[in-house]
Asks: 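Before anything else, here's the structure in question.
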Amino acid sequence: MKIHTTIKGICLLVLGLISVTVQAQKISYTEPEHEDTKRTNFEIIGKVGGNFLVFKNNRNMNDISVYDADMKFVDRVKQTDMDDRWINVDFVAYSDFAWMIYQIQKRNIVYCMAVKIDGKGKRITEPVELDTTKIGWSANNKIYTTIFSDDKKQIMVFKINSKDSRNFKFTTLLYNSQLELKYKHRLDMPMEETNDFFTDFMLDNEGDMVFGKYIKKNGSELITDLRIVTKAASDSQFTVAGLKTKDVILDDIKLKVDNTNKRYIFSALYYKQKRGNIDGLYTAIWDKNTRAMMREQEYVFNEEMRKLAKGPESNIKTAFDDFFINNIIVRKDGGVLLFAESSYTTSRGTTFDRFGYRNFYNNPWMTPLNYYYYSPYSSPYNSFYWDRWNYGRGNNQNTRFHSENIMIFSIDAAGTLEWNNAIPKAQYDDESDALLSHFLMITGSEIQVVFNMYERRTMLLNNQSVAPDGKITRFPTLKNLDRDMDFLPRYGKQVSSKVMILPCFYRNNLTFAKIEF
């Protein structure tokens, strides 16, 4: 009797835990606003003063929509000084205010401006001019890039004058969290004409800038050299050092700042020969304190990994050829998690071309008439400006976009590959890739992975979690899931420790959903 009672108690406890897990996933939706359609540009600002703020652009109208804790509409605040002249906008959100850093153009002058807004979307300071640039009529008017540190105590606005193809001129302005100017520098960057490219630009918690510079010799589509470029907060010149020394060819380099351990991490998939198959994973770790390479390693994909990536019946040799690294997560102990996803397109009469696919979506290089280089990596966080004309990334009815399995690799502080695992999925869309891919959210020790999947011909939002030991848990369908909503998980944003905001389509309207874990 006692044994029976104990077993019953354990069963009740397990059921209770499952119940808590299911109930914790709660969704709240905004009501559609008639101004917002699938062609609305937007950026999720975040949680400010207890409200959720979203910037929206519709043609020449710029607004900030304010929603309360339950995603109920509060107000829509017009940004009148940006009408007809706005170019770009970035936000740095804090708990009780946010900086709006925006660019407007008057005649042939681009102004970089900043203003502080509160939790009601109202301006609490007058706009301040940060910098100006005179441009030619043929130039790209997106001049300035805004980046900020993980702790948001350092903010940098910079521009790159590329008129001289052999020597790019950087202008950097470093601010503190109150947008007080700390340093302004003008720096030269020698280039090898159009053979030099940049990775994303990042800022660490000490205000130091870092990015990668790589070379594509003789018009090659693959990377044959990699250098790390750093600029300390107070320095007026760049420090350049070589990174890649091994005889492999890198592809689509990703950069991550590890503020806890004061390191910079570069990662890429690699080939051993041009136009070959993906052979493995490359990582390089640069130690900031010693200003030297701490570790450079290659991890060869074995047969077991290849079967896990594409399935046991797939072509093992080409298993990783359509994978791209899209997330690097650093642990406090110095370990690293890397997420790579299968992404490709198919169309009539053509097959997947990794090189063309990567260059089309990831190459930020400018046209010869563009004398200012604009980085698309405007934020270390997820933000998105909707392509109002092309509904996401494509509008070709003959092209089908695919997004499939996610591979996860865990590397410990010593550089040992601890484990690898996969989240199987099969997504596709004939109109664009806007509803595809996934969103990652860190909730304590676990990482939540959110993505759409077809279930009985209906695209439904799914949630799986990744534990520190690599165990993957698939959760039941989220509570209060509206089947009429089409979620855009890849453009979501984590706004607190256990809350994310996802954009979604309700029929022809753009709306937003808050998901609580």
Side-chain angles (χ1 to χ4, degrees), residues 41-57 62-67 74-83 85-105 110-133 142-159 171-184 200-209 233 257 259 374-385 493-496 501:
N41 296 287
F42 68 87
E43 181 172 355
I44 300 167
I45 301 171
K47 186 177 183 180
V48 181
N51 292 324
F52 297 103
L53 308 183
V54 179
F55 172 81
K56 300 173 181 177
N57 162 258
N62 298 280
D63 308 294
I64 294 177
S65 288
V66 183
Y67 307 99
V74 175
D75 197 5
R76 190 173 180 118
V77 183
K78 293 187 177 297
Q79 308 298 311
T80 55
D81 65 324
M82 297 170 65
D83 291 351
R85 297 176 293 159
W86 91 291
I87 299 169
N88 187 69
V89 62
D90 294 291
F91 293 90
V92 187
Y94 301 85
S95 60
D96 54 349
F97 73 92
W99 287 111
M100 180 169 72
I101 301 173
Y102 59 100
Q103 300 172 52
I104 57 175
Q105 182 175 348
V110 173
Y111 295 82
C112 184
M113 309 291 293
V115 66
K116 182 186 283 189
I117 59 175
D118 61 17
K120 297 179 180 179
K122 305 286 187 180
R123 299 186 175 194
I124 51 179
T125 65
E126 291 297 319
V128 177
E129 180 184 297
L130 302 182
D131 196 55
T132 61
T133 300
K142 292 182 178 180
I143 303 297
Y144 298 92
T145 297
T146 301
I147 55 178
F148 51 92
S149 59
D150 285 350
D151 62 7
K152 301 183 183 179
K153 292 181 179 180
Q154 312 287 341
I155 303 171
M156 177 179 282
V157 175
F158 69 93
K159 63 182 178 182
T171 301
T172 64
L173 299 96
L174 182 65
Y175 300 90
N176 61 20
S177 59
Q178 294 303 314
L179 219 61
E180 297 167 334
L181 182 64
K182 298 172 65 177
Y183 300 102
K184 180 175 181 178
D200 40 349
F201 298 84
M202 289 194 171
L203 194 68
D204 68 21
N205 286 350
E206 295 179 339
D208 297 350
M209 184 185 197
V257 173
N259 284 297
Y374 175 75
S375 168
Y377 310 101
S378 59
S379 169
Y381 302 93
N382 290 310
S383 62
F384 178 56
Y385 295 107
K493 185 170 186 177
Q494 182 167 352
V495 295
S496 69
I501 302 293

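Starting from 1, each residue takes its place in the sequence as its number. All heavy atoms count here, side chains included; hydrogens, waters and symmetry mates do not. All of these numbers come straight from a predicted model, not from anything done at the bench.
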Asks: Taking side chain to side chain donor-acceptor pair (under 3.5 Å) as the test, write out the residues that go with Y175, two or more places apart.
Replies: none

Asks: Taking all non-hydrogen atoms of both residues, which atom of C112 and which atom of V157 are closest, and how far apart?
Replies: SG-CG1, 3.9 Å

Asks: Do T172 and Y183 come within less than 4.5 Å of each other through their side chains, counting heavy atoms only?
Replies: no

Asks: Got I101 and L130 here, is their nearest side-chain heavy-atom distance under 4.5 Å?
Replies: yes

Asks: When you compare the side chain of D75 with that of K122, does any pair of heavy atoms fall below 4.5 Å?
Replies: yes

Asks: Count the heavy atoms belonging to other residues, nucleotides or ligands that lie under 6.0 Å from NZ of K120, then report whether that count exceeds 12.
Replies: no

Asks: Locate the shortest heavy-atom distance separating V495 from G46; write the atom from each residue and the value.
Replies: CG1-CA, 3.8 Å

Asks: Of the non-hydrogen atoms in Y94 and V48, which two are nearest, and what is the gap between them?
Replies: O-CG2, 3.8 Å

Asks: In chain order, what residues pass the salt bridge (charged side-chain N to carboxylate O under 4.0 Å, His left out) check against K184, with sequence neighbours excluded?
Replies: D131

Asks: Kindly indicate, with the supporting measurements, whether the criterion side chain to side chain contact (heavy atoms under 4.5 Å, CB included) is fulfilled by T145 and F201.
Replies: CA-CA 9 Å; T145 297; F201 298 84; 5.6 Å; no

Asks: In Å, rounded to the nearest 0.5 Å, how long is the span from CZ of F158 to CG of L173?
Replies: 11.0 Å

Asks: Can you tell me how far the NZ atom of K116 sits from the CG atom of D96, to the nearest 0.5 Å?
Replies: 7.5 Å

Asks: Just checking E126: does its CD atom have more than 12 heavy atoms from other residues, nucleotides or ligands closer to it than 6.0 angstrom?
Replies: no

Asks: Backbone N or O of A233 within a donor-acceptor pair of the D208 side chain at under 3.5 Å?
Replies: yes

Asks: May I ask you to decide if N205's main-chain N or O and D150's side chain share a donor-acceptor pair within less than 3.5 Å?
Replies: no

Asks: For I143 and Q103, which heavy atoms make the closest approach, and how far apart are they?
Replies: N-OE1, 3.1 Å

Asks: If we ignore hydrogens and angles and just use 3.5 Å, is the side chain of K152 paired with the main-chain N or O of S177 as donor and acceptor?
Replies: no

Asks: Is there a side-chain contact between Y144 and T133 in this structure, where contact means two heavy atoms from C-beta onward sitting under 4.5 Å apart?
Replies: yes

Asks: So K182 and N176, do their side chains get closer than 4.5 Å, heavy atoms only?
Replies: yes

Asks: Heavy atoms only: give me the nearest A98-A93 pair and the separation to one decimal.
Replies: CB-CA, 3.8 Å

Asks: Which heavy-atom pair separates V74 from Y67 by the least distance, and what is that distance?
Replies: CG2-C, 4.0 Å

Asks: Any side-chain to backbone donor/acceptor pair from D63 onto S65? Under 3.5 Å, distance only.
Replies: no

Asks: Tell me, do L179 and V92 make a side-chain contact under 4.5 Å, heavy atoms counted?
Replies: no

Asks: Strictly distance-based, threshold 3.5 Å: is any side-chain N or O of N88 a donor or acceptor partner for the main-chain N or O of K142?
Replies: no

Asks: Is there a donor in the side chain of Y102 and an acceptor in the side chain of D81, or the other way round, less than 3.5 Å apart?
Replies: yes

Asks: Within the structure provided, determine whether S149 and N259 are in side-chain contact (heavy-atom separation under 4.5 Å).
Replies: no

Asks: Quick one: pull up CD in Q494 and CD1 in I501 and give me the separation to the nearest 0.5 Å.
Replies: 11.0 Å

